[in-house]
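Report on one structure; see the data block that follows.
Values in this document were obtained by computation on a predicted structure and should not be read as measured data. Quick note: residue numbers are just sequence positions, from 1. The analysis underlying the following values was restricted to heavy atoms, covering all of them including side chains, and did not include hydrogens, waters or symmetry mates.
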Amino acid sequence: NLADLITQAHQGGALILADCDRIESAKYALECGADLVSTTLAGYTDEREQTTGPDLPVLREFAASAPGRVLAEGRFQDPEQVWAAMRAGAAGVVVGGSLNDPVKQTARFSAAATTQARRVGAVDIGGTWIRFAIAELSSGGEIEFTQFEKTPIPKDRAERLAWIEDRCTQHQIDRLGISAGGLVDPHSATVTRAKDFIPRHQGTTFRFRGVEVFAINDGLASAWGQACSRQFAGARTAVLALGTGVGSGFVDGWNLVCRDHMWPPEINDMRFDELGTIEEAVGGLFLDGGKSEAARIRAASAAKYAITIMQNVWAPDHVVICGGVGLSDWMRAALEPEFDNLVFLDAEVDGGLIGAASLALWPPRNIWP
């Protein structure tokens, strides 16, 4: 057994390092007399889901149980990750393939330069319309849309799913990006939480025969789409979508910033004034087309408040404004003089479809490794 094995090794003058996959394994190894434990196997057994980079949460658990006796190992690629591991309590960091495996490193860099598909389907599901288009990459690497279709959002969930599946079948789509309102689990492609803007939206699962689906919240998708554009690639890019509702998202480099389980930033539900939330002040569902001057003034103030929050929290290089309300003449006139890093998306460009297409063309590596 392990305790006897460690005792015998100690009698021979050796130190014992135990490669572990979870905190229970580490504690057991230490109880058996191991001198050091390492996070080597975290993510490589069925006990723990593999993280995109190093598993820092499990490292913190190890370090709390055995201060000064933990090595961090597994998927370390950047000096910043080593720094984070040392701050999280590691006594040292084991870096293997990033230093001595040119095949692995070539594959990593090649993956960043390669698009897995050049023709995908894109679907944007909003509170008013559902849109579909085929997205193809031009010779210059820009997204070009064909076969654009839209229809008023069907109230029946089965009808919405059938509409999407019919287009995938008709156009022989085997890879599909979906931008949808609500909280969307990207791994099951299921809407786990949603408001009633879209009837019976919560619980919807986007699964179609023979189609690989990449689905997330619409605000996050819009942010990813802009971050993949030639104009904003590599920048800290925030998006504020002011349409039927209010959506937002932020991308830093190649990472889509979000909370656990792909929870989108809930700027829309932040209290704005005594009458309600930001969304209830500026969302098109509540604005009645901006016919009232008082409503327009309140909506513009709510939009400025949302942008200020985004600026203060994320410090983005750019804030991209999109959506029917956001691109209206009166809203643009109210916002432009207040901020020097706003970019208004061309009204002819559908930010939701660009986001959906970008998900399928270049899936965010921190969601779909």
What heavy-atom pair brings [X] and [Y] nearest, and what distance separates the two atoms?
X	Y	value
Ile198	Gly127	CG1-CA, 4.1 Å
Thr277	Asp269	CG2-O, 3.6 Å
Ala223	Gly249	CB-C, 3.5 Å

Check: Can you tell which of Thr39, Val95, Thr52, Thr51 makes a side-chain contact (heavy atoms from CB on, under 4.5 Å) with Arg75?
Finding: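 With Arg75 as partner, side-chain contact (heavy atoms from CB on, under 4.5 Å) holds for just one option, Thr51.
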
Would you say that more than 12 heavy atoms from the other residues, nucleotides or ligands in this model lie under 6.0 Å from the [atom1] of [X], or not?
X	atom1	result
Glu49	CD	no
Arg271	CZ	yes
Asn1	CG	yes
Lys304	NZ	yes

Does [Y] offer a backbone N or O that forms a donor-acceptor pair with the side chain of [X] under 3.5 Å?
X	Y	answer
Arg160	Pro154	yes
Asp35	Ile16	yes
Arg69	Ala34	yes
Asn217	Gly182	yes
Arg193	Gly203	no
Asn312	Ala315	no
Gln105	Gly97	yes
Asp185	His187	yes
Arg200	Asp156	no
Asp78	Glu80	no

Note to self: Go through it in stages, so that I can follow the logic: the residues are Val123 and Arg167, the test is side chain to side chain contact (heavy atoms under 4.5 Å, CB included), and I'd like the CA-CA distance, side-chain angles, deciding distance and then a yes or no.
What the structure shows: CA-CA 10 Å; Val123 170; Arg167 274 128 199 90; over 6 Å; no

4.5 Å side-chain heavy-atom contact, [X] and [Y]:
X	Y	result
Ile125	Ile153	yes
Glu61	Val58	yes
Ile307	Phe339	yes
Val246	Val325	no
Asp21	Tyr44	no
Val191	Phe206	yes
Pro363	Arg175	yes
Ile173	Ile134	yes

Item checked: Step-by-step side chain to side chain contact (heavy atoms under 4.5 Å, CB included) determination, Ile143 to Leu137 -> CA-CA 5 Å; Ile143 294 176; Leu137 287 181; 4.1 Å; yes

Do [X] and [Y] share a hydrophobic cluster (ILVMFWY, side-chain heavy atoms under 4.5 Å, transitive)?
X	Y	result
Val313	Ile278	yes
Leu59	Tyr28	no
Leu56	Ile367	no
Leu242	Trp330	yes

Margin query: Pair Phe214, Val120 - check side chain to side chain contact (heavy atoms under 4.5 Å, CB included), show working.
Written below: CA-CA 11 Å; Phe214 301 84; Val120 300; over 6 Å; no

Notebook entry, point to check: So, are Arg236 and Asp317 salt-bridged, with charged N and O less than 4.0 Å apart?
Noted result: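 Asp317 and Arg236: not salt-bridged.
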
Notebook entry, point to check: Which pairs with one or both residues in residues 131-185 pass ring-ring contact (aromatic ring centres under 6.0 Å, His included), sequence neighbours excluded?
Noted result: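 Every ring-ring contact (aromatic ring centres under 6.0 Å, His included) pair that includes a residue of residues 131-185, provided the two are not neighbours, is Phe132-His171.
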
Check: Please, which pairs that meet ring-ring contact (aromatic ring centres under 6.0 Å, His included) have at least one residue in residues 54-107, sequence neighbours excluded?
Finding: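 Listed by first then second residue: nothing to list.
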
Notebook entry, point to check: Would Arg298 and Ser301 count as having a side-chain donor-acceptor pair, cut-off 3.5 Å?
Noted result: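 Arg298 vs Ser301: no donor-acceptor pair found between side chains.
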
Item checked: Contacts of Val94 that satisfy side-chain contact (heavy atoms from CB on, under 4.5 Å) - sequence neighbours left out ->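 Only Leu71, Glu73 meet the side-chain contact (heavy atoms from CB on, under 4.5 Å) criterion with Val94.
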
Check: Can you check side chain to side chain contact (heavy atoms under 4.5 Å, CB included) on Glu279 and Lys195, steps first, answer last?
Finding: CA-CA 12 Å; Glu279 187 165 66; Lys195 297 179 180 178; 2.6 Å; yes

